[in-house]
Amino acid sequence: MHLSLRVWRQKSASAFGRFETYEARNVSADMSLLEMLDEVNEDLIASGGEPIAFDSDCREGICGACSVVIDGVPHGSRHGTTACQLHLRHFKDGDTITLEPWRARPFPVIKDLVVDRHAFDRIIQAGGYVSVKTGGAPDGNAIPIPKTDVDRAMDAAVCIGCGACVAACKNASAMLFVASKVSHLSLLPQGRVERERRVLAMVRAMDDAGFGACTVTGSCEAVCPKNIRIDVIARMNREYGRALLKAGFVE
Amino acid sequence: MLRKAGGIEAMKLLPQFFHSSLGKKYIMAITGLGMLAFVAVHLTGNLQIFLGPEVLDAYAHGLHRAEELLWVIRVCLLVFIGLHISMAVVLTLGNRAARPIPYERSRLPGASHAARTMIWSGSMVAVFVAYHLLHHSAKAQVSLTGHDFATFQTTLADGTTCHDVFRMVVAGFSQPVVSVFYIVGVGLLCHHLSHGIEAAFQSLGLRNRVWDAAVRKLASGAAWLLFVGYASIPVAVACGYGREALN
């Protein structure tokens, strides 16, 4: 099949960017979008051009590296799919596809379609972990956890930290990402010990990074490649209120 | 450990609350639900128009005899309005700043019209409320009706003379422009509420997968109920209800 691409090209973080048009000729419908970009890059290199820079790693939808806004929708409009798992058969022959990087102040463009997502790392460093003394590995069944708690925790733990929620939100809010981590860890007994400290610290890191606030539009859950639902955000709001009250009155 | 929860001294919790995006959303939700309660109570008063002029005028007169209580409510509402608008402005500016470069193609998947336009529906409701207060509470000469509402007087069954609210409402809504403007105003308010109620529950954390569908239905149901209730009065007047009061 034949596709026309409008791709955001930007030499460096400080350079001005603009859209360039490329033609992907004779590409297979069984290729993923990123494999098509590989083909286009091969042609660009052969003709002495600069290949299009984009992030990718596992290419099986589990690492969270790929980050392309496809025709206005992060990871494209197929539900529960990362850009690397989006195949060309979902496009029509002759389509024009617009490819843009994530757009958010905390995610500055490094080059072309690649953005700097260190803001997410700083949020995780603030509290997205469980403090444990290292030693012998504990017995797998030493701490019984109700099945429903495990299920709800795992529904949040599937977050791969790709940042599509930020890219889709009209406010560039990172609430779905942060709420996934807060929910995942606060639901399990190992993480529950530090739940108050964690939610206060992670929310502060999120605000400090310059992400917007949540206006409950639901765009984040609509694009999440792992189908995380915004009920995790309600849980984080609840955790936050609880933590403030506890810090204010109990101590 | 908790004393330094997230690196914050307990003493600094309140500034932290106001500073954080979640705290601001808590304030938006609480003030919004407070104003929603007022809008609902206000409607129960308004609907007494269908019980006749005597009942409505006596109700309005009774309200104004409890002037101290009215001032408590007015001050609370003013504080709510001030907080709701100031938080909305601060949050919106922050949200805009979070995306300095817009998308070439922007689709906002999943976002309803009401959810995308809260700042605009809210701003227009604020203008409508300002007009509404001038029109009915201050009884200013901006009513486009040719009547001076302040001169409308009636005598209740117990012999006291008071403001004729019934005649004011009928005279006001006898003007199609006023009625249309009013219906558009309450329509915008209810559009705002159809998302606002749902978002308030979310912001306060009062939502989970079990209650999700119920919260959505509650939000749209309450918004529609308020709209039908408020719009029924100008529609009834347009159909001829209460015209004899003008003669």
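Any value given below was found using the heavy atoms of this structure, including those in side chains, with hydrogens, waters and symmetry copies removed.
- Taking chain B as the reference chain and counting heavy-atom pairs below 4.5 Å, the highest number among A:Asp71, A:Val109, A:Val166, A:Thr98 is found for A:Asp71.
- Counting heavy atoms from C-beta on, the side chains of B:Arg99 and A:Asn171 never come closer than 4.5 Å.
- For A:Phe19, the part lying near chain B is the side chain, with the backbone staying farther off; criterion is any non-hydrogen pair under 4.5 Å.
- At a threshold of 4.5 Å between non-hydrogen side-chain atoms, the residues A:Arg229 and B:Asn208 do not count as touching.
- For the side-chain hydrogen bond (donor to acceptor under 3.5 Å, both in side chains) condition, the pairs that include at least one residue of residues 17-43 of chain B, sequence neighbours left out, are A:Asp207-B:Ser21, A:Tyr240-B:Ser20, B:Thr31-B:His84, B:His42-B:Asn46.
- Annotation for A:Ser77 and B:Arg107: closest pair CB-NH2, 4.0 Å, computed over non-hydrogen atoms.
- Counting only heavy atoms from C-beta outward, the side chains of A:Met236 and B:Leu22 approach each other to under 4.5 Å.
- A donor-acceptor distance shorter than 3.5 angstrom exists from the side chain of B:Tyr103 to the backbone of A:Ala167, with no hydrogens or angles considered.
- When heavy atoms are compared at a cutoff of 4.5 Å, A:Met206 approaches chain B solely by way of its side chain, counted from C-beta outward.
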Worked verdict on A:Val216 versus B:Arg207 for side-chain contact (heavy atoms from CB on, under 4.5 Å)
CA-CA 12 Å; A:Val216 202; B:Arg207 195 175 170 186; 3.9 Å; yes

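- For the set B:Ala115, B:Gly94, B:Gly23, B:Ala98, the count of heavy-atom pairs under 4.5 angstrom toward chain A peaks at B:Ala98.
- If you measure heavy-atom distances from A:Pro74 to chain B, you find no contacts under 4.5 Å at all.
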Yes or no on side-chain contact (heavy atoms from CB on, under 4.5 Å) for A:Ile70 and B:Arg105, after CA distance, side-chain angles and deciding distance?
CA-CA 9 Å; A:Ile70 302 153; B:Arg105 291 194 63 182; over 6 Å; no

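- Contact residues of residues 187-199 of chain B toward chain A are B:His195, B:Ala199 (heavy-atom distance under 4.5 Å).
- If you measure heavy-atom distances from A:Ser173 to chain B, you find no contacts under 4.5 Å at all.
- Annotation: the span from A:Arg18 atom CZ to B:Glu104 atom CD amounts to 13.0 Å, rounded to 0.5 Å.
- Listed for the A:Ser219 side chain is a donor-acceptor partner under 3.5 Å among the backbone atoms of B:Pro109.
- Considering only heavy atoms from C-beta on, A:Ile230 comes within 4.5 Å of B:Gln202 through its side chain.
- Counting heavy-atom pairs closer than 4.5 Å to chain A, the top residue among B:Ser203, B:Ser112, B:Ala114 is B:Ser203.
- For the set A:Gly212, A:Gly241, A:Ala172, the count of heavy-atom pairs under 4.5 angstrom toward chain B peaks at A:Ala172.
- Contacts between A:Arg6 and chain B at a heavy-atom distance below 4.5 Å involve the side chain alone, from C-beta outward.
- A:Arg105 contributes no side-chain N or O that, together with a main-chain N or O of B:Pro100, makes up a donor-acceptor pair within less than 3.5 Å.
- Neither the backbone nor the side chain of A:Cys220 comes within contact range of chain B; no heavy atoms are under 4.5 Å apart.
- In this structure, chain B has a heavy atom under 4.5 Å from the side chain of A:Ala222, while its backbone stays farther away.
- Put simply, the side chain of A:Thr215 reaches to within 4.5 Å of the side chain of B:Asn95, judged on heavy atoms.
- With chain B as the partner, the residue from A:Ala205, A:Gly127, A:Cys214, A:Gly210 showing the most heavy-atom pairs under 4.5 Å is A:Cys214.
- For a residue to count as touching a neighbouring chain, one of its non-hydrogen atoms must lie under 4.5 Å from one of that chain's; by this rule B:Leu108 touches chain A with backbone and side chain alike.
- When A:Glu100, A:Arg238, A:Lys170 are compared by the number of non-hydrogen pairs under 4.5 Å with chain B, A:Glu100 comes out ahead.
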